Number of protein chains: 2
Amino acid sequence: MDRTDRSIINLLGADARRSLADIGAAVGLSPSAVNERVRKLQATGVIRRFTVEVSHRALDESVLVFAQVLLAPEADEDAFRRAMARHPDVLECHHVSGRWSYLLKLRFAVLGDVEPFLGELKRDGHMAASETSIALSTVRERSFRDDGGL
Amino acid sequence: MDRTDRSIINLLGADARRSLADIGAAVGLSPSAVNERVRKLQATGVIRRFTVEVSHRALDESVLVFAQVLLAPEADEDAFRRAMARHPDVLECHHVSGRWSYLLKLRFAVLGDVEPFLGELKRDGHMAASETSIALSTVRERSFRDDGGL
DNA sequence: GTTGAAAAGTATTCGCA
DNA sequence: TGCGAATACTTTTCAAC
């Protein structure tokens with residue numbers, strides 16, 4: 001994991017379809033040397049996977065909601081985590097420090113889908129309390145730091 | 001944007017390096033038909049870009065923090081948004097409903113980097129108050145819903 | 001680790017249904 | 001829109017450094 005690997009990752013983050021020759025030209029390596037580095041970055045788990053970034057609007061997931069959840073004292077925390085890991089509406093689920101137990105990032109087609117989701121959590125006995133906020137607009141949204149090009 | 005497009009997007013989301021032939025076999029189309037659909041999905045902005053998913057641990061971004069920020073009444077909101085859009089530590093910045101003005105998702109190398117970041121916001125006159133929580137563990141983290149394979 | 005060239009595999013184009 | 005064949009690239013492999 002040296003400076004060159006970082007550059008390669010940044011370039012792939014911006015456009016994972018750039019050819020090895022292109023990337024090589026940018027970082028000063030031959031295509032096969034870049035290939036070997038990318039292979040290792042995948043093998044060591046630095047690169048988790050190649051994927052695609054999608055317009056939420058187009059996918060009918062226009063409503064972005066953050067929910068802070070306080071677990072009930074008698075809640076089965078493992079069951080809660082498993083439920084969150086499976087739930088289609090849950091994009092992110094983090095165990096957090098502070099007043100709340102978990103922070104959830106959720107996406108829905110319409111605002112009306114939010115209440116049933118929270119009702120479900122309550123009904124399942126997971127949740128003692130929650131506070132939700134709706135994203136009115138998004139200034140920025142990316143998945144990793146990309147400081148210092150090349 | 002029909003069912004087939006959705007399937008293609010889900011498949012690319014799981015592995016953007018799958019060949020057009022593979023994807024075609026999965027959705028019942030020829031490679032060139034898949035290619036044409038992917039091209040259109042990009043042209044219409046449904047697919048924003050091909051990218052790479054990275055291990056935060058490996059990138060020295062182990063510390064995940066969420067900060068809820070209340071803007072000062074006299075704050076220049078546009079300047080704040082521009083600052084957030086540029087700041088390397090800011091992964092996400094959403095204008096939210098409720099008690100707070102903005103929700104930030106931040107990543108740092110070490111916990112000690114958090115305080116300077118908040119100090120910076122305060123010093124710049126953007127922030128009236130904030131509440132931060134640190135992610136102790138992450139149950140799930142993905143960027144779009146992927147319900148219903150094929 | 002890196003290179004350069006050969007081999008294998010893919011994307012892309014285009015005429016046609 | 002989708003297909004299949006031809007073309008142009010790209011990735012991948014490998015012997016050598």
Side-chain angles (χ1 to χ4, degrees), chain A residues 1-61 143-150, chain B residues 1-61 109 142-150:
Chain A
M1 237 331 227
D2 58 7
R3 202 166 300 264
T4 303
D5 284 331
R6 261 317 289 237
S7 299
I8 292 172
I9 288 170
N10 288 342
L11 291 166
L12 289 175
D15 176 10
R17 277 192 155 180
R18 286 185 71 158
S19 72
L20 298 175
D22 253 33
I23 295 167
V27 303
L29 284 177
S30 71
S32 47
V34 176
N35 187 42
E36 176 62 12
R37 278 171 179 265
V38 171
R39 199 192 57 70
K40 269 189 192 149
L41 287 169
Q42 289 186 266
T44 56
V46 177
I47 293 178
R48 285 239 176 76
R49 60 176 171 173
F50 286 74
T51 185
V52 105
E53 211 176 281
V54 167
S55 156
H56 303 293
R57 178 82 62 94
L59 291 189
D60 258 317
E61 305 173 4
S143 70
F144 68 96
R145 297 177 51 161
D146 174 351
D147 35 69
L150 176 51
Chain B
M1 237 334 228
D2 58 8
R3 202 167 301 262
T4 303
D5 283 332
R6 260 318 289 235
S7 299
I8 292 172
I9 289 170
N10 288 341
L11 291 167
L12 288 175
D15 177 9
R17 278 193 153 179
R18 285 184 74 157
S19 71
L20 298 175
D22 253 34
I23 295 168
V27 303
L29 284 175
S30 71
S32 48
V34 176
N35 187 42
E36 177 61 12
R37 278 173 179 262
V38 171
R39 199 192 58 70
K40 268 186 192 151
L41 288 168
Q42 288 185 266
T44 56
V46 178
I47 293 177
R48 285 239 175 76
R49 59 176 170 172
F50 286 75
T51 185
V52 105
E53 212 177 280
V54 167
S55 155
H56 303 292
R57 178 83 62 95
L59 291 188
D60 257 319
E61 304 174 3
R142 58 185 182 148
S143 70
F144 68 96
R145 297 177 51 160
D146 176 351
D147 35 68
L150 179 53

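All figures in this text were calculated on a predicted structure; none of them were measured in a lab. Each chain gets a letter, A, B and so on, in the order the sequences are listed, and its residues count up from 1.
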**Helical stems, DNA chain D - three or more consecutive Watson-Crick or G-U wobble pairs below 3.5 Å** = C:1-6 with D:12-17, C:8-17 with D:1-10

Using the 3.5 Å cut-off, write out each protein N or O paired with an N or O of nucleotides 12-17 of chain D and the distance between them.
| from | atom 1 | to | atom 2 | distance (Å) |
| --- | --- | --- | --- | --- |
| D:dT12 | OP2 | A:Asn35 | OD1 | 3.0 |

**Out of C:dT3, D:dT11, C:dG1, whichever nucleotide has its closest atom nearest the side chain of A:Leu29** = C:dT3

What is the separation between atom [atom1] on [X] and atom [atom2] on [N], rounded to the nearest whole Å?
X	N	atom1	atom2	result
B:Asp5	D:dG2	CG	C1'	13 Å
B:Glu36	C:dT13	CD	P	10 Å
A:Arg18	D:dC9	CZ	P	18 Å
B:Ile23	C:dT12	CD1	P	11 Å

**Request:** List the steps and the verdict of side chain to side chain contact (heavy atoms under 4.5 Å, CB included) for B:Arg48 and A:Val54.
**Result:** CA-CA 5 Å; B:Arg48 285 239 175 76; A:Val54 167; over 6 Å; no

**Prompt:** Are A:Asp2 and A:Arg37 within salt-bridge range, i.e. N to O under 4.0 Å?
**Reply:** yes

For [X] versus [Y], what's the shortest heavy-atom pair and its separation?
X	Y	answer
B:Pro31	B:Ala21	CG-CA, 3.9 Å
A:Ser7	A:Val27	CB-CG1, 3.8 Å
B:Phe50	B:Ala16	CD2-CB, 3.8 Å
B:Arg6	B:Arg145	NH2-O, 3.5 Å

**Prompt:** Any side-chain N or O of B:Arg37 less than 4.0 Å from the OP1 or OP2 oxygen of D:dG2?
**Reply:** yes

**Prompt:** How about B:Ile47 and A:Glu53: do any of their side-chain heavy atoms sit closer than 4.5 Å?
**Reply:** no

**B:Leu12 vs B:Val38 side-chain heavy atoms within contact, under 4.5 Å** = yes

